[in-house]
Amino acid sequence: MVVAPVLMKLDLQKELTEALEINEVFGFNIGSFKVSVDESTVVSWIIIAVMTLIAILLTRNLKVQGEITKRQAFLELCYEKSENFFKGLMGEKVQKFIPWLMSVALFIGISNTIGLLAEPFNFKPPTKSMQMTAALAITSIIIVEYAAYKGKGVGGRLKQFANPINIMEVFTKPLSLCMRLFGNVLAAFTIMELIKIVTRHIFVPIIPVAFSLYFDIFDGLLQAYIFVFLTALYLEEASEPVKKKDKKKKKNKAEQTA
């Protein structure tokens with residue numbers, strides 16, 4: 001076979017290591033401390049800038065009354081569908097967090113598929129960097145904790161920490177969000193890079209395209225959905241008043257004794 005000798009000549013470890021490296025774009029010193037800005041950070045800035053620009057362009061000249069344009073009708077349809085999804089998942093009490101959840105879903109979805117969307121620029125998914133997924137996870141848990149203190153009150157939330165499991169959840173939830181997103185994106189990126197390296201040397205360009213439909217698009221969007229879905233569940237749980245939980249416990253005890 002022609003493939004076997006070609007594969008023997010490949011240095012997969014070297015090429016894969018180069019693909020997985022997160023290189024420094026620029027850096028500067030603050031006193032004796034060096035601040036390094038890597039490509040994951042720069043790509044995330046580019047994504048945020050493009051998303052902001054598109055949002056400004058799409059939301060220009062929107063009307064509250066009168067005949068609306070097809071663009072506005074499409075935007076309203078997309079927003080209503082997303083809003084109904086999150087309302088059904090979390091309820092009315094956490095409605096104010098829906099725009100933030102939509103923004104996070106769009107950012108992660110674009111970040112996961114940026115390698116395909118901006119292939120000529122050789123952009124790598126910023127979510128394959130643990131610092132990026134950790135930042136997203138920590139931000140999510142800060143908002144979840146805010147919702148918990150807001151919904152239960154300071155006293156009600158602090159009472160929950162009497163149970164050690166609730167203390168552990170403050171750390172395990174962001175860790176789970178971070179590692180799940182990081183692990184899946186990194187695994188998909190690694191598999192796609194291996195496929196590209198091999199097929200580049202045996203001249204079969206159609207194979208990466210076929211696999212890219214799953215690893216770059218489906219899996220990338222799926223991970224964005226899972227991250228936002230879990231965050232929404234955490235928000236729903238955090239916003240539930242303590243009294244409601246107490247009533248449920250009393251009801252369960254009453255049913256057991258009946």
message: What verdict does the side chain to side chain contact (heavy atoms under 4.5 Å, CB included) test give for Ile22 and Lys128, after you've listed the backbone C-alpha separation in whole Å, the side-chain angles of each residue and the deciding distance to 0.1 Å?
response: CA-CA 9 Å; Ile22 302 175; Lys128 81 175 181 66; 3.6 Å; yes

Side chains of [X] and [Y] in contact at under 4.5 Å (non-hydrogen atoms):
{"X": "Pro125", "Y": "Ser111", "result": "no"}
{"X": "Met192", "Y": "Asp216", "result": "yes"}
{"X": "Phe86", "Y": "Val228", "result": "yes"}
{"X": "Phe123", "Y": "Ile46", "result": "yes"}

[X], [Y]: one ILVMFWY side-chain cluster at the under-4.5 Å cut-off?
{"X": "Phe218", "Y": "Ile195", "answer": "yes"}
{"X": "Met51", "Y": "Val104", "answer": "yes"}
{"X": "Leu235", "Y": "Tyr149", "answer": "no"}
{"X": "Leu75", "Y": "Ile68", "answer": "no"}
{"X": "Ile30", "Y": "Val25", "answer": "yes"}

message: Before you tell me yes or no, could you show the steps for Ile191 and Tyr214 under side chain to side chain contact (heavy atoms under 4.5 Å, CB included), namely the whole-Å CA-CA distance, both residues' side-chain angles and the distance that decides it to 0.1 Å?
response: CA-CA 11 Å; Ile191 293 171; Tyr214 176 82; over 6 Å; no

For the [atom1] atom of [X] and the [atom2] atom of [Y], what is their distance to the nearest 0.5 Å?
{"X": "Thr113", "Y": "Ile108", "atom1": "OG1", "atom2": "CD1", "value": "11.5 Å"}
{"X": "Leu101", "Y": "Lys96", "atom1": "CG", "atom2": "NZ", "value": "12.5 Å"}
{"X": "Leu53", "Y": "Ile48", "atom1": "CG", "atom2": "CD1", "value": "13.5 Å"}
{"X": "Asn184", "Y": "Leu222", "atom1": "CG", "atom2": "CG", "value": "8.0 Å"}
{"X": "Tyr79", "Y": "Ile98", "atom1": "OH", "atom2": "CD1", "value": "6.0 Å"}
{"X": "Leu221", "Y": "Asn112", "atom1": "CG", "atom2": "CG", "value": "7.5 Å"}

Specify the closest pair of heavy atoms between [X] and [Y], including all atoms of both residues, with the distance to one decimal.
{"X": "Ser82", "Y": "Met102", "result": "CB-CE, 3.1 Å"}
{"X": "Ile114", "Y": "Ile47", "result": "CD1-CG1, 4.2 Å"}
{"X": "Ala105", "Y": "Ala224", "result": "O-CB, 3.9 Å"}
{"X": "Thr127", "Y": "Leu181", "result": "CG2-CD2, 4.2 Å"}
{"X": "Ile167", "Y": "Phe161", "result": "CD1-O, 3.2 Å"}
{"X": "Met132", "Y": "Pro126", "result": "CB-O, 3.3 Å"}

Are there over 12 heavy-atom neighbours, none belonging to [X], within less than 6.0 Å of that residue's [atom1]?
{"X": "Phe26", "atom1": "CZ", "result": "yes"}
{"X": "Lys159", "atom1": "NZ", "result": "no"}
{"X": "Ile165", "atom1": "CD1", "result": "no"}

field: Aromatic Tyr234 / basic Lys173 pairing, under 6.0 angstrom, 45° off normal
entry: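 Yes; both conditions hold, so Lys173 lies above the ring face of Tyr234.
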
Any side-chain to backbone donor/acceptor pair from [X] onto [Y]? Under 3.5 Å, distance only.
{"X": "Lys63", "Y": "Glu67", "result": "yes"}
{"X": "Glu39", "Y": "Lys124", "result": "no"}
{"X": "Arg180", "Y": "Phe227", "result": "no"}
{"X": "Lys152", "Y": "Ala238", "result": "yes"}
{"X": "Asn166", "Y": "Gln160", "result": "yes"}

query: Can you list the steps and then say if Phe28 with Phe33 is a side chain to side chain contact (heavy atoms under 4.5 Å, CB included)?
result: CA-CA 9 Å; Phe28 54 91; Phe33 182 74; over 6 Å; no

task: List the steps and the verdict of side chain to side chain contact (heavy atoms under 4.5 Å, CB included) for Arg71 and Glu76.
output: CA-CA 9 Å; Arg71 169 174 57 89; Glu76 289 181 0; over 6 Å; no

- prompt: Angle class for the Phe97/Tyr146 ring planes (parallel below 30°, perpendicular above 60°, tilted otherwise)?
  reply: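 Taking Tyr146 first and then Phe97, their aromatic rings stand perpendicular (interplane angle over 60°).
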
field: Qualifying side-chain hydrogen bond (donor to acceptor under 3.5 Å, both in side chains) pairs with a residue from residues 40-53, counting only residues at least two apart or across chains
entry: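 For residues 40-53: Asp38-Thr41, Thr41-Gln131.
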
Under 3.5 Å, which donor-acceptor pairs do the side chains of residues 136-143 form with other protein atoms, sequence neighbours left out?
residue	atom	partner	partner atom	Å
Thr139	OG1	Ala135	O	2.7
Ser140	OG	Leu136	O	3.0

